[in-house]
There are 2 protein chains.
Amino acid sequence: MEHRIDRIKKQLHSQSYKLTPQREATVRVLLEREEDHLSAEEVYLLVKEKAPEIGLATVYRTLELLSELKIVDKINFGDGVSRYDLRKEGAAHFHHHLVCMECGSVEEIVEDLLDDVEKIVQDDWGFQVKDHRLTFHGVCRQCQKEVAQTS
Amino acid sequence: MEHRIDRIKKQLHSQSYKLTPQREATVRVLLEREEDHLSAEEVYLLVKEKAPEIGLATVYRTLELLSELKIVDKINFGDGVSRYDLRKEGAAHFHHHLVCMECGSVEEIVEDLLDDVEKIVQDDWGFQVKDHRLTFHGVCRQCQKEVAQTS
DNA sequence: TTTATAAATTATAATGATTGTAATTGACAC
DNA sequence: GTGTCAATTACAATCATTATAATTTATAAA
Ligand SMILES: [Zn+2]
Ligand SMILES: [Zn+2]
Ligand SMILES: [Zn+2]
Ligand SMILES: [Zn+2]
């Protein structure tokens, strides 16, 4: 944990930004809830537990900054809110998501399954790929079981 | 064009919805601007040219309805607005997008490049895929040329 | 230690997209 | 014609996000 905070601190410093207490509190929340896909509001409420005086606008600005530095990725699953997702250590690309249409759960796929596809896009369309967003919508293992039982 | 309107009319009827004049005007706009990725507001302004008395809320509701019937797909490229995209005729899945980070242009890929990936997701993760969203962010052919020239 | 300067934050207001509501209209069946 | 129900309109309300001005904090020079 401290190691990762330290790394993020360095990333900020390398662009002459500081790791202020508010930013650190925000990053800690993101680290603690790494499995989740929190909205700005949710991050705000969790940060408030550590640092009650923080303002929502600061959380937005911090998430925006972390987003520019590619420390977090901003993603939208189709409900009205943006969600913020820590990049896995050393990942070149954003990871993929499996969103269950039944229960709303979100699973992550860290493996980059798109190498071949990106090559095609690059070669056949002449499009230089920098990043991607891939989300599958469907039914998770758990919900499949439940459907099988009730039928 | 009339053929496609007709087909959509049937799709609505099959769920006991009607193709009202407002809905038809909205669908016509979507057909005429099929290449674009219009926001609700943009659709509204274009529909207004045909049917000035239409309300914005009706456009939202119509797009929502078309979305439920899988006639259009709702997508979000990360600017604050939802955009609405007609499904290609007979397409089982939503098509893919190439968003240029330089000029903002959006290209479409109709070919389904994800068959292999979906098979992996299905087999290795036990996730039953119903649909997907795939967007590549990068630099389009045109902008690559311009960068090459100025350097 | 003061003073200056810029970055960061707070509190609050404003914006912009989207949704909800109550009243009205229109189509269709009896 | 009257009743019924879906659809629409006009408008208000909500929700996420951004902008603004005032204040604080950190850093560096004097
Ligand atoms: Zn599920
Ligand atoms: Zn994730
Ligand atoms: Zn471009
Ligand atoms: Zn498209």
Side-chain angles (χ1 to χ4, degrees), chain A residues 8-9 11-29 36-69 71-85, chain B residues 8-9 11-29 36-69 71-85:
Chain A
I8 290 168
K9 190 173 185 175
Q11 285 179 266
L12 284 166
H13 283 166
S14 75
Q15 311 274 329
S16 38
Y17 291 109
K18 284 170 277 190
L19 185 65
T20 64
Q22 291 90 337
R23 286 175 185 165
E24 181 171 342
T26 304
V27 168
R28 279 186 190 279
V29 163
D36 299 330
H37 296 85
L38 302 172
S39 67
E41 183 87 29
E42 287 164 347
V43 172
Y44 168 64
L45 291 174
L46 289 166
V47 173
K48 243 174 133 58
E49 293 174 6
K50 291 186 203 303
E53 72 295 346
I54 201 169
L56 177 56
T58 301
V59 172
Y60 269 103
R61 264 189 313 262
T62 300
L63 291 171
E64 181 66 29
L65 177 63
L66 295 174
S67 196
E68 276 165 27
L69 298 185
I71 294 166
V72 307
D73 286 295
K74 190 175 176 179
I75 191 172
N76 191 303
F77 289 130
D79 55 347
V81 291
S82 295
R83 298 179 176 279
Y84 298 85
D85 216 354
Chain B
I8 290 168
K9 191 173 185 175
Q11 285 180 268
L12 284 166
H13 283 164
S14 77
Q15 311 275 330
S16 39
Y17 292 110
K18 282 171 275 190
L19 184 64
T20 64
Q22 291 89 340
R23 286 176 185 165
E24 182 172 338
T26 305
V27 168
R28 280 186 190 279
V29 163
D36 300 330
H37 296 84
L38 302 172
S39 67
E41 184 87 29
E42 287 164 347
V43 172
Y44 168 64
L45 292 174
L46 290 166
V47 174
K48 243 173 133 58
E49 293 175 6
K50 292 186 203 301
E53 72 294 347
I54 201 170
L56 177 55
T58 301
V59 172
Y60 269 104
R61 265 190 309 262
T62 300
L63 292 171
E64 181 66 27
L65 177 62
L66 295 173
S67 196
E68 275 166 26
L69 298 186
I71 293 166
V72 308
D73 286 295
K74 189 175 178 180
I75 191 173
N76 191 303
F77 290 131
D79 55 348
V81 289
S82 296
R83 299 179 176 278
Y84 298 85
D85 215 355

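In what follows, chains are A, B, ... by sequence order, proteins preceding strands, each numbered from 1.
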In whole Å, I'd like the distance from the CG atom of L38(B) to the C1' atom of dA17(C). 16 Å
Expected output: side-chain D36(A) to main-chain L38(A) donor-acceptor under 3.5 Å: no
Tell me, with the steps shown, if Q15(A) and L69(A) meet side chain to side chain contact (heavy atoms under 4.5 Å, CB included). CA-CA 9 Å; Q15(A) 311 274 329; L69(A) 298 185; 3.6 Å; yes
Is S14(A) reaching over with its side chain to a backbone N or O of Q11(A), donor-acceptor style, under 3.5 angstrom? yes
Charged N to carboxylate O under 4.0 angstrom, K9(B) versus E24(B)? no
Below 4.0 Å from chain A heavy atoms, what is the first contacting nucleotide of DNA chain D and what is the last? dA16(D) to dA19(D)
Can you check whether T20(A) has a side-chain N or O nearer than 4.0 Å to OP1 or OP2 of dT9(C)? yes
Kindly say if Y60(B) contacts the phosphate of dT18(C), meaning a side-chain N or O under 4.0 Å from OP1 or OP2. yes
Please round to the nearest 0.5 Å and tell me the distance separating atom CG of L19(B) and atom CD1 of I8(B). 8.0 Å
Rounded to whole angstroms, how far apart are CG on L12(A) and P on dA7(C)? 15 Å
Contact residues, residues 49-56 of chain B to DNA chain D [heavy atom, < 4.0 Å]: E53(B), I54(B), G55(B)
For the pair made of NZ in K74(B) and C1' in dT19(C), what is the distance, rounded to whole Å? 10 Å
Could you tell me the separation between the OH atom of Y44(A) and the C1' atom of dT9(C), rounded to a whole number of Å? 13 Å
Look up atom CZ in R23(B) and atom CD1 in I71(B), then write down how far apart they are to the nearest 0.5 Å. 10.0 Å
State which residues pass ring pair (Phe, Tyr, Trp, His ring centres under 6.0 Å) with F77(A); sequence neighbours excluded, sorted by chain then number. H37(A), H97(A)
Say you draw a straight line from CD of E49(B) to OH of Y44(B); how long is it, rounded to the nearest 0.5 Å? 12.0 Å
Given atom NE2 of H13(A) and atom C1' of dA7(C), what is their separation to the nearest angstrom? 13 Å
At 4.0 Å (heavy atoms only), tell me whether S39(B) reaches a base, stays on the sugar-phosphate, or touches nothing. nothing
Say you draw a straight line from CG of N76(A) to CG of N76(B); how long is it, rounded to the nearest 0.5 Å? 4.0 Å
Over how many whole Å does the gap from E64(B) atom CD to dT19(C) atom P extend? 6 Å
Each nucleotide of nucleotides 21-30 of chain C classed B (base within 4.0 Å of a protein heavy atom), S (only sugar-phosphate) or -, in 5' to 3' order, makes B---------
Whenever both distances are under 3.5 Å in a Watson-Crick or G-U wobble pair, mark it; put DNA chain C into dot-bracket that way, with [ ] for crossing pairs and | when the partner is on another strand. ||||||||||||||||||||||||||||||
Please check if the side chain of E42(A) supplies one atom and the backbone of S39(A) the other of a donor-acceptor pair under 3.5 Å. yes
Minimum heavy-atom distance K50(B)-A25(B), with the two atoms named: CE-O, 4.2 Å
Indicate every side-chain donor-acceptor pair of residues 51-66 of chain A with a distance under 3.5 Å to a residue at least two apart or in another chain.
| residue | atom | partner | partner atom | Å |
| --- | --- | --- | --- | --- |
| T58(A) | OG1 | R61(A) | NH2 | 3.3 |
| T62(A) | OG1 | T58(A) | O | 2.8 |

